[in-house]
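Read the structure below first, then the notes.
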Amino acid sequence: MSQRSITSFFSKPSQKICTSAVEKKEKSPESIIPEDSPIKQQRKRRRIYVDEEDEQRPSSTDSTENEIDDVVNKENNNDNIKVDKEEDTEVENSFDGNDKNTDIQQEEVETIKEECESENEKKPEKKPKSSEKSKAKSSKKKKKAKISPKKSERPKFLDNIPWKAGDPAPYEALAATLSEIEQESGRLKCIEYLSNLLRLVMERSPNDTLPTLYLSMNQLAPASEGLELGVGESLLFKALAQATGRSVNQIKAEAKSKGDLGVVAEASRNTQKTMFQPKRLTIQSVYSGLRQIAEMTGNSSMNKKIDKIRFLLASAKDSEAKFVIRALTGKLRIGLAEQSVLQALASACDSENSQLAADIVKTTYAQCPSFDKIIPNLIKYGVDNLLDHCPLEPGMPLKPMLAHPTKGIDEVLKRFDAKIGFTCEHKYDGERAQIHLLEDGTVKIYSRNQEDNTIKYPDIVSRIKELTKVKTAIIDSEAVAWDTNLKRILPFQMLSTRKKKVDNVGDIKVQVCVYAFDMLYVDGESLVTKPLKERRDRLRQSFEIKEGEMVLATGEDAHDADTVAVLLDKAIKDSCEGLMLKALDDTYEIAKRSHSWLKLKKDYLDSAGGDTLDLIVVGAYDGTGKRTGRFGGFLLACYDSENEEYQTICKLGTGFSDEQLDKFTEILKPLIIETPKAYYNHKMSPDHWLEGQIVWEVKAADLSISPAHTAAAGLVHEEKGVSLRFPRFVRVRDDKKPEDATSAEQVAGMYKSQEQVQALNRNEDNSEDY
DNA sequence: GATGACTGCCC
DNA sequence: ATTCTGC
DNA sequence: GCAGAATGGGCAGTCATC
């Protein structure tokens with residue numbers, strides 16, 4: 001029902017919307033605006049202002065800056081040809097718009113025009129800027145009073161943004177929406193805000209739908225394409241320093257206190273009074289700017305990236321700068337992410353039955369996590385037919401099933417139906433490998449996050465070809481480091497030394513064994529809606545087993561607690577992390593439940609599971625984001641009585657409640673010292689050194705050899721220390737003084753007593769005998 | 001060519 | 001990875 | 001229970017610099 005309207009809505013946006021603007025002219029966006037229209041002239045002037053601003057930038061720290069700017073601008077012009085042809089071609093012959101007032105007038109004209117054109121919407125109620133709550137109320141009111149849902153749902157915060165049908169969608173609209181979402185805690189409302197924006201984009205600037213979605217999810221492309229920004233905190237410090245004429249240290253300091261680089265950027269823009277109206281950023285131009293940054297590689301690429309970032313910032317105002325920077329840091333931090341974006345997209349396409357639409361969109365995204373593929377099909381065929389056009393198929397990584405941690409066997413039995421039964425498989429400590437066998441014989445291997453790992457595992461590729469009994473398939477498995485001589489599993493740390501780009505199969509130093517545990521597709525048939533029992537059967541029929549190369553994950557079906565307990569012990573003895581528990585009748589439908597498996601590890605158990613250590617708090621880190629204004633993490637140390645020193649062993653950032661974190665910040669702040677004590681043996685430096693007085697109990701999954709920490713250095717490794725894997729806070733140990741903390745010897749002992757290390761030693765002993 | 005800082009991606 | 005928290 | 005956002009160790013790869 002609603003599908004038809006959506007389809008037509010997508011394919012012919014102009015008919016439904018923008019009645020006055022588009023219908024009269026019926027031309028492509030480029031030609032809608034007459035050459036002599038005020039809008040065009042305004043754009044010409046804007047262009048000039050940008051150039052002028054760049055040339056007049058006060059803080060010329062280096063002499064080549066202007067040259068660089070010119071280059072950047074030119075580059076950008078070229079790069080943006082696709083995006084915005086008009087402006088590039090008209091830079092030369094544009095006239096001297098010397099009057100800012102004129103520009104403002106044009107703004108107003110455009111705004112007014114916009115209001116008239118936009119629909120016969122009833123005038124928004126005159127109402128003072130209101131609190132969150134009243135905003136929410138007003139939007140509800142509007143809904144009730146609506147004539148047509150699409151018009152009246154238009155959020156007020158977009159009303160004053162000039163944006164006509166056929167125009168490129170202004171980035172300002174996205175930034176305003178993200179800001180609004182950031183301030184709103186209700187998830188449904190956040191989704192509504194985004195869906196309203198998406199609806200507008202699809203109405204007025206349908207070609208910008210894709211970039212809008214990418215920017216909303218803070219993604220550049222499907223993960224499997226391996227596009228990386230290559231921009232981190234440090235580069236952004238430099239870029240911001242250059243853009244604002246301040247030192248990197250100033251920026252760093254401000255970032256520390258504000259807890260967010262984006263906020264720093266926004267504040268910087270405000271203090272820099274702009275004399276000229278900057279060129280408006282568009283969603284398209286920001287997106288393509290980010291892509292350009294990602295595509296820069298090689299010599300002096302870092303400076304080029306910085307220049308491009310500066311260029312974007314130069315055109316960004318207010319919250320635009322904040323979100324450009326946040327996009328570059330990789331954290332949008334607005335309380336809305338993938339799942340909500342999908343829901344917003346669904347609701348934008350079908351507000352009548354958004355629940356059904358959300359199910360479809362989420363299911364589609366789970367089996368085909370690529371907006372590049374989804375959006376064109378959505379536009380062409382509508383939501384109702386989306387699944388058929390984005391089918392599960394080899395060559396496209398699907399979202400993998402994840403597992404919930406469980407604190408004990410009780411919890412497992414509570415969650416599963418004992419009658420039907422569940423399987424207990426070893427949880428291998430390796431890397432998720434989703435193996436695809438394509439129709440043409442190609443093999444692809446994807447990571448847990450849909451990264452393309454094919455070139456990392458040419459050995460797996462060739463063995464799949466050798467061992468397969470089927471034509472096409474998708475297998476879920478864990479790739480585990482394997483000692484071919486001793487036919488043993490090797491620890492994760494060994495696997496992680498494996499090269500990511502293997503040129504020559506012969507160069508491979510770390511062999512892997514594939515432990516297959518699920519099959520999601522075989523010979524043209526999707527298995528995700530089939531019960532595990534069936535998928536498992538299909539898996540067993542489809543491949544030959546070969547020891548040390550490709551085997552099935554060890555597992556046994558169970559119905560009761562005792563069996564689970566026995567199997568857990570067995571798994572640990574076999575150098576595994578614990579158990580994966582899966583209901584036998586469960587499907588592989590990520591959209592319905594992304595964590596439908598359970599995982600049970602020794603260190604989850606409250607009773608005597610995992611290693612716990614009592615450690616001294618010797619440093620603290622300033623929190624970011626929601627931890628701004630207090631400590632967000634700590635540096636911990638063990639006590640070495642031999643050398644009478646504190647040796648750092650790990651940082652710690654999880655396990656405490658918000659309340660505890662507040663308390664710890666208060667307690668520890670008075671302990672801040674300027675420089676570390678002479679008896680602090682450390683390689684890393686926290687934001688604040690602390691007087692070593694407080695002892696905390698910390699739990700960890702494993703102990704590892706560490707290049708960054710000094711604990712037990714010399715005891716298990718000549719120079720390297722020991723660190724903790726997955727450290728988390730357990731409780732305060734008021735009863736302990738620093739000297740009572742876990743000792744270096746104890747740390748060494750804990751390291752050596754680990755199953756994995758023991759197993760290795762056993763083998764070494766054996767091999768020495770031979 | 002070696003080194004170190006930085007980044008992204010595994011867990 | 002682990003963990004906490006608002007919805 | 002979901003979804004999101006805090007935070008961990010440690011590796012290879014990349015780029016700047018020496």
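Chain letters run A, B, ... following the sequence lines, proteins first and then strands; every chain starts at 1.
Inspection of the A:Ser723 and A:Ser706 side chains reveals no N or O donor paired with an N or O acceptor under 3.5 Å. In this model, no donor atom of one side chain and acceptor atom of the other lie less than 3.5 Å apart for A:Thr648 and A:His682. Inspection of the A:Asp476 and A:Tyr588 side chains reveals an N or O donor paired with an N or O acceptor under 3.5 Å.
At D:dA6, none of the side-chain N or O atoms of A:Thr654 fall inside 4.0 Å of OP1 or OP2 (strictly under the cut-off). Taking side-chain N and O atoms only, A:His709 has a distance below 4.0 Å to OP1 or OP2 of D:dG9. Side-chain nitrogen and oxygen atoms of A:Ser234 include at least one within less than 4.0 Å of the OP1 or OP2 phosphate oxygen of B:dC6. Within the 4.0 Å cut-off from OP1 or OP2 of C:dT3, at least one side-chain nitrogen or oxygen of A:Arg728 is found. A:Ser300 has no side-chain polar atom (N or O) that falls below the 4.0 Å cut-off from OP1 or OP2 of D:dA16. Taking side-chain N and O atoms only, A:Gln339 has no distance below 4.0 Å to OP1 or OP2 of D:dC2. For C:dT2, the OP1/OP2 oxygens have no side-chain nitrogen or oxygen of A:Arg725 closer than 4.0 Å. Between C:dA1 and A:Lys601, no contact under 4.0 Å exists linking OP1 or OP2 to a side-chain N or O. OP1 or OP2 of D:dC2 has at least one side-chain nitrogen or oxygen of A:Arg593 nearer than 4.0 Å. Side-chain nitrogen and oxygen atoms of A:Ser340 include at least one within less than 4.0 Å of the OP1 or OP2 phosphate oxygen of D:dG4. Here A:Asn453 reaches the OP1 or OP2 of B:dC10: one of its side-chain N or O atoms lies under 4.0 Å away. Residue A:Lys626 places none of its side-chain N or O atoms closer than 4.0 Å to OP1 or OP2 of C:dC4. Side-chain nitrogen and oxygen atoms of A:Arg448 include at least one within less than 4.0 Å of the OP1 or OP2 phosphate oxygen of C:dA1. The shortest distance between the side-chain N/O atoms of A:Ser706 and the OP1/OP2 oxygens of D:dG10 is below 4.0 Å.
Taking atom NZ of residue A:Lys252 and atom C1' of nucleotide B:dA5, one finds them 11 Å apart after rounding to whole Å. C:dT3 atom P lies 12 Å from atom CZ of A:Phe656, rounded to whole Å. Rounded to a whole Å, the NZ atom of A:Lys651 is 9 Å from the C1' atom of D:dT7. The distance from atom CD of A:Glu451 to atom P of D:dG13 is 15 Å, rounded to the nearest whole Å. What separates NZ of A:Lys331 from P of B:dG8 is a distance of 11 Å, to the nearest Å.
Contact annotation for A:Lys305: no contact, since no heavy-atom pair falls under 4.0 Å across all strands. If you check every strand for non-hydrogen atoms under 4.0 Å, A:Arg415 touches sugar and phosphate atoms only. At a threshold of 4.0 angstrom between heavy atoms, the contacts of A:Leu235 are confined to the sugar-phosphate backbone, with no base atom among them.
For A:Tyr457 and A:Tyr446, the ring centers are positioned 6.0 Å apart or more. The six-membered or imidazole ring of A:Phe656 lies away from that of A:Phe631, with a centre-to-centre distance of 6.0 Å or more.
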